[in-house]
Enquirer: 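Shown below is the structure under consideration.
Quick note: numbers below take in every heavy atom, side chains included, and nothing from hydrogens, waters or symmetry partners. None of these values were measured; they are calculated from a predicted model. Naming: A, B, ... by sequence-line order, numbering from 1 per chain.
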Amino acid sequence: MQLINDKKNGKPVGRALATATCALLGVQATTTLAKDQPGEWDVETALLIYSETDDRVQAAEPVISATRNFDGDKKLNLKLVADTLTGASPSGATPSDLPQTFTRPSGSGSYTVDAGEAPLDDSFKDTRVAVSGSWTAPLNRDYTYSVGAYGSREYDYLSTAVNGSLSRYLNNKNTTLTGGLSLGVDIVDPVGGAPVGLSRMALRDNKIEAEFDQEFAATRESDDTKTLVDALFGVTQVINRRTLMQFNYGVSYSSGYLTDPYKILSVIDESAGANYGGNLIGADGNPVYLYENRPDTRMKHSLYWQTKYMLDNGDVMDGSYRFMIDDWGITSHTIDLKYRWRLANSYLEPHFRYYMQSEADFYQRYLTESEYNSGTPTVSEASADYRLGELTGMTFGAKWGYRLDEDRELAIRAEYMIQSNDGDEGFGKLTSHDLYPDTNAMWLQLSYNF
Amino acid sequence: MPTSILFSRRRLRQVGTWLTLSATLAASGCSNLGVKPWERDLLADSDMQLTVSGVDAGLDDHIYFSKEASSGGRGFGGGGCGCN
């Protein structure tokens, strides 16, 4: 006997739980409307357009995800994602009341930022292709396993991972326990080579090219690797006829090159005088900028709780909360709420997300002259990357979907995100600049499933 | 010992306490929860899946991964790009 919901295109009973299992894998469960019939492909396609204000990052990202169903609840999922990024990204340097010239990451060429403007590195262009696959199958009546692999390639970065998980059904399948493990190796091969952490950016002004080349080469090291181990333990519980709940604990350990090779810090003059709070000027007559340096290990713990609830009228509420803590000193809280208002053949789903994080122990908006210590920094790690600072983000969005028939759905989704940073406002000249500009982004997604 | 390390250890202990509490709740409470096989009609609805669209979730996870210091929770956080 197959238990179905005859009112709304019913599905086999274990599907919600099976999806929970899949969700624990990096490759998410992908079927939404498909009939799950053996021998059929269920396909999800989407195009995402992402845009940040102030000429920052712009991206276009097509996705195709296909799931082949086999007899006995076995599934093969294949997913292909491509994205093209252009635009500018904050370099980490502080604004100045003078124009600032920076060397491009490759060492060939420079770019200049106007006085008072936030330093953005406009040499940011990349194309990424990611492929992933997963195989999910029952071992017996009580266990289901899943194995998967992931690979992505961009100009300066290669990422690979394998993962596996095992789920155990208990209490008449009202409870599912899942354990999963993912192992990844990334190769970081930055344009121009990875900079030596906290070394001074070589600048062309006031020197001949050979002198610059020698200085630039001295700040470079070869490519580097990063390894990642993720473990996830989850409990999915049917609470009652209308409520499903999931609770996950995840631990993630990464080691190797965790620094962002394109981020820098300004060194600020703290000597009393006309340049108090301005860029420190080195012996070569140029401002002093240092490449950032992060710790070479990071351990993160996360707790995740999600609840789905169906109202009497058939609408569905979806709420989740995530707490994360790591040994870089960052803690974060994420709340995500969705309400699916279901109409005859369509639905409208408003969405709200709130995110808040504390800053990393080594986050500094700038370094002072005394911390720079004439080229022998008194700190071993420092980053001005705003993503490691005190950050609050809010996203408002909505999705509208139209179900053409049992198998096909057309949907459009729009999201708007506002991120704001906060922190040390500096001293002297620095106080007249906005050190923490907001980041506003919006994305629009068109989807077609068949 | 630096204050930050002490603070960090205290927070990790808080996580441990949460985990113990949750595991206890899961072990003791779950057997009393749930539905009979004939009461699963609503739970079987596709909109009641924990992740209704894997593609939406994957795209959003990638955006937030590259704009925030946190990742994972629902699934593996992992790597996958040089954006953070």
Enquirer: Spell out, as yes or no, whether a donor-acceptor pair under 3.5 Å connects the side chain of A/Glu359 to the backbone of A/Ile330.
Expert: no
Enquirer: Evaluate A/Thr395 against A/Glu415 for side chain to side chain donor-acceptor pair (under 3.5 Å), listing each step before the verdict.
Expert: CA-CA 7 Å; A/Thr395 308; A/Glu415 305 272 347; 5.5 Å; no
Enquirer: Taking side chain as C-beta onward, heavy atoms only, is B/Arg74 less than 4.5 Å from B/Thr51?
Expert: yes
Enquirer: Where on A/Val188 is there a heavy atom nearer than 4.5 Å to chain B: the side chain, the backbone, both, or neither?
Expert: neither
Enquirer: Which bit of A/Ala231 comes within less than 4.5 Å of chain B, counting heavy atoms only: side chain, backbone, both or neither?
Expert: backbone
Enquirer: Between A/Asp260 and A/Arg387, is the side-chain contact (heavy atoms from CB on, under 4.5 Å) condition met? List the steps.
Expert: CA-CA 11 Å; A/Asp260 187 323; A/Arg387 298 170 300 186; 3.1 Å; yes
Enquirer: Output the option from A/Met324, A/Arg322, A/Met417, A/Gln419 having the highest count of non-hydrogen pairs under 4.5 Å with chain B.
Expert: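 Among A/Met324, A/Arg322, A/Met417, A/Gln419, the one with the most close pairs to chain B is A/Arg322.
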Enquirer: Sort out for me which of A/Glu61, A/Arg242, A/Arg413, A/Lys399 touches chain B most, counting heavy-atom pairs under 4.5 Å.
Expert: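 Option with the top pair count is A/Arg413.
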Enquirer: Is it the backbone or the side chain of A/Arg340 that comes under 4.5 Å from a heavy atom of chain B, or both, or neither?
Expert: side chain
Enquirer: Go through the steps for A/Ser320 and A/Asp336 under the test side chain to side chain donor-acceptor pair (under 3.5 Å), then give the verdict.
Expert: CA-CA 5 Å; A/Ser320 69; A/Asp336 195 286; 4.8 Å; no
Enquirer: Tell me which of these, A/Val63, A/Ile64, A/Ile239, A/Thr243, has more heavy-atom pairs under 4.5 Å with chain B than the rest.
Expert: A/Ile239
Enquirer: With a 4.5 angstrom heavy-atom cut-off, which part of A/Ser447 approaches chain B: side chain, backbone, both or neither?
Expert: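 Just its side chain gets close to chain B.
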Enquirer: Quick check on A/Lys338 against chain B: is it the side chain, the backbone, both or neither that has a heavy atom closer than 4.5 Å?
Expert: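 For A/Lys338, there is no contact with chain B at all, as no heavy atom is under 4.5 Å.
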Enquirer: Is a donor on one side and an acceptor on the other found under 3.5 Å between the side chain of A/Asp326 and the backbone of A/His301?
Expert: no
Enquirer: Are A/Ser65 and A/Asn77 close enough, and set up right, to give a side chain to side chain donor-acceptor pair (under 3.5 Å), and what steps lead you there?
Expert: CA-CA 7 Å; A/Ser65 172; A/Asn77 174 259; 3.2 Å; yes
Enquirer: Does the side chain to side chain donor-acceptor pair (under 3.5 Å) test come out yes or no for A/Gln306 and A/Tyr304, once each step is laid out?
Expert: CA-CA 7 Å; A/Gln306 183 186 2; A/Tyr304 176 79; 3.2 Å; yes
Enquirer: Under 4.5 Å heavy-atom distance to chain B, tell me which part of A/Trp328 shows up: side chain, backbone, both or neither.
Expert: neither
Enquirer: Please flag which part of A/Leu48 lies under 4.5 Å from any non-hydrogen atom of chain B: side chain, backbone, both or neither.
Expert: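 Answer is side chain: those atoms of A/Leu48 sit under 4.5 Å from chain B.
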Enquirer: Which bit of A/Glu52 comes within less than 4.5 Å of chain B, counting heavy atoms only: side chain, backbone, both or neither?
Expert: side chain
Enquirer: Please flag which part of A/Tyr50 lies under 4.5 Å from any non-hydrogen atom of chain B: side chain, backbone, both or neither.
Expert: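 Answer is side chain: those atoms of A/Tyr50 sit under 4.5 Å from chain B.
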